[in-house]
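First comes the structure, then the notes that go with it.
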Amino acid sequence: MTLAATKCWFIWKERCLRVFENKTRTTEQLALAISRHFAYWHPENRVTTHETNNITQTRDIYWNLPAVNTLKLNRDTSWLSEITNDGFGFIIRNWIGTFQAAEIGWCRTFSVEEAEALALLRATQCATKNNIQNLVIEGDNQATIWYLQGKATTVRWKCIAILEEVKLLANQLVSFLVFQYVDTRANKVADLLAKEG
């Protein structure tokens with residue numbers, strides 16, 4: 001029932017977009033938007049279930065505070081296709097969860113991976129420009145984060161140059177701590193900023 005209601009709502013929004021703004025999306029873009037919205041907002045996707053000895057334990061995944069005297073930068077992207085703009089966003093919070101800074105923007109890329117790499121670059125450039133110290137950068141794209149951590153990954157050659165620049169900028173930061181992979185559900189604020197971008 002929830003999925004049917006979501007589809008109807010998106011079809012209505014598409015109709016309004018075509019009638020009032022003279023804009024259209026392809027059927028693939030509309031289907032992808034419906035899938036992403038449903039996956040993000042459906043209650044079953046907000047909780048992870050682990051089974052241990054036939055006992056089901058439910059654990060919510062939330063953003064975690066960084067260590068004392070440390071800042072955490074969460075970043076994300078929102079990408080539909082290579083013919084549309086993709087958004088990026090990041091937020092910086094301190095060890096007590098207080099907002100320090102945020103930024104949103106957009107660019108055009110050829111893949112999700114390239115969008116993720118560029119978002120990492122923009123976030124690291126901001127941190128370098130503002131001389132942010134004791135920083136952890138989190139993201140929910142495993143391939144790019146693993147590359148920055150020096151682990152084996154399948155990052156495409158087009159993105160390697162961008163990620164190498166991210167490494168160089170991170171090395172210029174005073175007391176840069178680590179690039180960390182985080183579950184998408186613990187990266188919601190950055191995700192919303194990226195969608196806004």
Discussion item. Could you list the cluster mates of Phe20? Members are the ILVMFWY residues connected by side-chain heavy atoms closer than 4.5 Å, either directly or through other members.
Written reply: Val19
Discussion item. Holding to side chain to side chain donor-acceptor pair (under 3.5 Å), I want the full list of residues that pass it with Thr144, two or more places apart in sequence or in another chain.
Written reply: Asn141
Practice prompt. Compare every heavy atom of Pro66 with every heavy atom of Thr70, then report the nearest pair and how far apart it is.
Written response: O-CG, 3.5 Å
Worksheet item: So which pairs with a foot in residues 156-181 pass salt bridge (Lys or Arg N to Asp or Glu O under 4.0 Å), sequence neighbours left out?
Response: Glu164-Lys167
Worksheet item: Is there side-chain contact between Leu121 and Leu118, with heavy atoms separated by less than 4.5 Å?
Response: yes
Discussion item. Any non-hydrogen side-chain atom of Leu148 less than 4.5 Å from a side-chain atom of Val166?
Written reply: yes
Worksheet, complete the sentence: Sorted by chain and number, sequence neighbours left out, ring-ring contact (aromatic ring centres under 6.0 Å, His included) with Phe179 holds for Phe176
Fill in: With Phe10 via ring-ring contact (aromatic ring centres under 6.0 Å, His included) - residues at least two apart
His37
Worksheet entry | Distance in Å, Cys16 SG paired with Ile11 CD1, rounded so as to fall on 0.5 Å steps | 12.5 Å
Worksheet item: Is the number of heavy atoms from other residues, nucleotides or ligands within 6.0 Å of CG (Asn171) greater than 12?
Response: yes
Fill in: Atom pair CG/CG of Leu73 and Leu120 - distance to nearest 0.5 Å
9.0 Å
Item to complete: Mind jotting down which residue pairs meet the salt bridge (Lys or Arg N to Asp or Glu O under 4.0 Å) criterion with at least one end in residues 133-147? Sequence neighbours excluded, please.
Response: Lys72-Glu138
Item to complete: Report whether Ile145 and Leu177 are members of the same hydrophobic cluster (ILVMFWY, side-chain heavy atoms less than 4.5 Å apart, transitive linking).
Response: no
Practice prompt. Please identify each residue that fulfils side chain to side chain donor-acceptor pair (under 3.5 Å) with Lys151, with sequence neighbours left out.
Written response: Gln149
Worksheet item: Does any pair with a residue in residues 112-124 pass salt bridge (Lys or Arg N to Asp or Glu O under 4.0 Å), and if so which ones, sequence neighbours excluded?
Response: Arg75-Glu116
Worksheet entry | Single-linkage hydrophobic cluster Ile132~Val136, side-chain heavy atoms < 4.5 angstrom | no
Worksheet item: For the hydrophobic clusters of this structure (ILVMFWY residues joined by side-chain heavy atoms under 4.5 Å, transitively), does one cluster hold both Ile104 and Trp106?
Response: no
Practice prompt. Please identify each residue that fulfils side chain to side chain contact (heavy atoms under 4.5 Å, CB included) with Gln142, with sequence neighbours left out.
Written response: Trp146, Tyr181
Worksheet item: With hydrophobic residues grouped by side-chain heavy-atom distances under 4.5 Å, do Leu71 and Val178 end up in a single group?
Response: no
Worksheet item: Do Leu163 and Leu168 belong together in a cluster built from hydrophobic side chains that touch within less than 4.5 Å?
Response: no
Worksheet item: Taking it one step at a time, do Ser175 and Asn134 satisfy side chain to side chain contact (heavy atoms under 4.5 Å, CB included)?
Response: CA-CA 5 Å; Ser175 302; Asn134 300 322; 2.9 Å; yes
Worksheet item: Does any pair with a residue in residues 6-16 pass salt bridge (Lys or Arg N to Asp or Glu O under 4.0 Å), and if so which ones, sequence neighbours excluded?
Response: Glu14-Arg18, Glu14-Arg25
Fill in: Shortest non-hydrogen separation from Ala119 to Asp76 and the atoms involved
CB-O, 4.2 Å
Practice prompt. Show which residues join Leu65 in its hydrophobic cluster (side-chain heavy-atom contacts under 4.5 Å, direct or indirect), or state none.
Written response: Trp63
Fill in: Side chains of Leu169 and Gln125 in contact at under 4.5 Å (non-hydrogen atoms)
yes
Less than 3.5 Å apart, which donor and acceptor atoms pair up between the side chains of residues 88-99 and the rest of the protein, not counting sequence neighbours?
{"unit_1": "Asn94", "atom_1": "OD1", "unit_2": "Ile96", "atom_2": "N", "d": "3.0"}
{"unit_1": "Asn94", "atom_1": "OD1", "unit_2": "Gly97", "atom_2": "N", "d": "3.2"}
{"unit_1": "Asn94", "atom_1": "OD1", "unit_2": "Thr98", "atom_2": "N", "d": "2.9"}

